[in-house]
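What follows is a short report on a single structure.
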Amino acid sequence: MNNSSTVDAFADAFKEALNAVDGNINPPKKTPSVGIIMGSDSDWPIMQDAALILKEFNVPFEARVISAHRTPDLAMEYAKIASSRGVAAIIAGAGGAAHLAGVLAAHTTLPILGVPIPTKDLHGLDSLYSIVQMPKGIPVATFSIGGAANAALFAISLLALNNERLAKALIDFRQMQTQKVLAKKLPSV
Ligand code: RP5
């Protein structure tokens with residue numbers, strides 16, 4: 001087997017494994033447009049906000065636990081073949097020494113959207129600094145601490161560049177938000 005067929009065989013086996021492994025929260029029926037990756041299942045209460053937004057916009061996604069430190073090979077392989085699997089953007093959430101988004105970005109030119117997870121000791125500032133301070137040449141778009149919903153909306157904006165349905169859905173979403181704000185009432189004093 002030459003080098004490239006070894007890589008192809010590995011990629012095929014990996015693609016199969018991706019859809020079979022437990023912990024693949026949303027095994028995609030359709031090709032996933034967005035990958036939601038997080039360093040631990042403890043990140044899910046934050047990262048599910050991204051999943052809920054993508055579901056609301058009917059964007060196919062997958063959600064998986066992959067750790068930059070504890071499953072480094074998987075992180076690399078996920079990023080390497082994401083584009084060939086139809087993934088157009090990856091939302092990566094991690095807490096503490098949060099290298100996941102940067103490691104994924106090192107192995108793909110797909111847009112990587114980093115979500116700093118709040119932490120007990122440093123309240124997510126550690127996660128924020130770890131994700132936002134990428135070296136020149138390997139960008140990660142960094143969102144607010146716990147900002148998974150905005151990361152998903154940003155991913156949808158990227159997809160909407162070539163998708164009229166999503167472009168219109170984003171406008172509708174903004175209009176709905178406007179209506180909600182206009183309908184707010186303050187208590188009387
Ligand atoms: C990070 O370590 C994860 O992203 C998570 O935010 C944090 C703690 O992980 P667990 O100890 O809960 O698995 O890698």
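Computed over heavy atoms, backbone and side chain alike; hydrogens, waters and symmetry mates excluded.
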If you define the side chain from C-beta out and look only at heavy atoms, does anything of Val103 sit under 4.5 Å from Pro72?
no
Around atom CZ of Arg165, are there more than 12 heavy atoms from other residues, nucleotides or ligands closer than 6.0 Å?
yes
Ignoring hydrogens and angles, tell me if any N or O in the side chain of Thr108 forms a donor-acceptor pair with the backbone of Leu110 under 3.5 Å.
yes
Using every non-hydrogen atom in the two residues, find where Ala94 and Leu100 come nearest and quote the distance to one decimal.
CB-CB, 4.0 Å
In terms of hydrophobic clusters joined by side-chain contacts under 4.5 Å, are Met176 and Phe57 together?
yes
Rounded to the nearest 0.5 Å, how far apart are CD1 of Ile138 and CD1 of Ile112?
10.5 Å
Report yes if some heavy atom in the side chain of Phe143 is under 4.5 Å from a heavy atom in the side chain of Ile91; otherwise report no.
no
Tell me the closest heavy-atom pair linking Ala50 and Ala148, and the distance in Å.
CB-O, 3.5 Å
When you measure from the side chain of Ser127 to the backbone of Gly95, do you find a donor-acceptor pair of N or O atoms at a distance under 3.5 Å?
no
Would you mind telling me which of Ile53, Val87, Leu54 makes a side chain to side chain contact (heavy atoms under 4.5 Å, CB included) with Phe61?
Leu54
N/O donor-acceptor pair under 3.5 Å between Ser157 side chain and Leu153 backbone:
yes
Are Met76 and Met38 connected into the same hydrophobic cluster when the rule is that any two of I, L, V, M, F, W, Y join if their side-chain heavy atoms are below 4.5 Å apart?
no
Can you see which heavy atom on Gly39 is nearest to which on Val65, and at what distance?
O-CG1, 3.9 Å
dist His107:NE2 -> Tyr78:OH (nearest 0.5 Å) comes out at 14.5 Å
Mind checking whether Ile90 and Ile37 have side chains closer than 4.5 Å, heavy atoms only?
yes
Minimum heavy-atom separation for Ala101 and Gly114, please, with both atom names.
CB-CA, 4.2 Å
Please report the shortest heavy-atom distance between Pro116 and Thr142, naming the atom on each side.
CG-CG2, 4.1 Å
Heavy-atom side-chain proximity of Arg64 to Leu74 below 4.5 angstrom
yes
Are any side-chain N or O atoms of Asp43 and backbone N or O atoms of Ser40, one a donor and one an acceptor, separated by less than 3.5 Å?
yes
From the list Ile117, Leu122, Ile145, Val115, side chain to side chain contact (heavy atoms under 4.5 Å, CB included) partner of Leu128 resolves to Ile145
Is it the case that over 12 heavy atoms from other parts of the model lie below 6.0 angstrom from the CD atom of Glu164?
no
Could you tell me the separation between the CG atom of Asp49 and the CH2 atom of Trp44, rounded to the nearest 0.5 Å?
9.0 Å
Sidechain-backbone polar pair: Ser130 side chain, Gly96 backbone, donor-acceptor under 3.5 Å:
yes
Locate the shortest heavy-atom distance separating Ala89 from Leu158; write the atom from each residue and the value.
CB-CD1, 4.4 Å
Side chain to side chain, Lys180 and Gln175, heavy atoms closer than 4.5 Å:
no
Side chains of Leu166 and Leu170: does their closest heavy-atom pair fall under 4.5 Å?
no
With Lys168, which residues qualify under salt bridge (charged side-chain N to carboxylate O under 4.0 Å, His left out), at least two apart?
Asp172
Does the side chain of Arg174 reach to within under 4.5 Å of the side chain of Gln177, using non-hydrogen atoms?
yes
Evaluate the side-chain proximity of Leu159 to Val34: yes if any heavy-atom separation is below 4.5 Å, no if none is.
yes
With a sphere of 6.0 Å drawn around CZ of Phe154, does it hold more than 12 non-hydrogen atoms of other residues, nucleotides or ligands?
no
Kindly compute the distance separating CG (Asn58) from CD1 (Ile156), expressed to the nearest 0.5 Å.
10.0 Å
Hey, what do you get for CE (Met47) to OG (Ser42), rounding to the nearest 0.5 Å?
11.5 Å
When rounded to the nearest 0.5 angstrom, what distance separates CD in Gln48 from NZ in Lys55?
10.5 Å
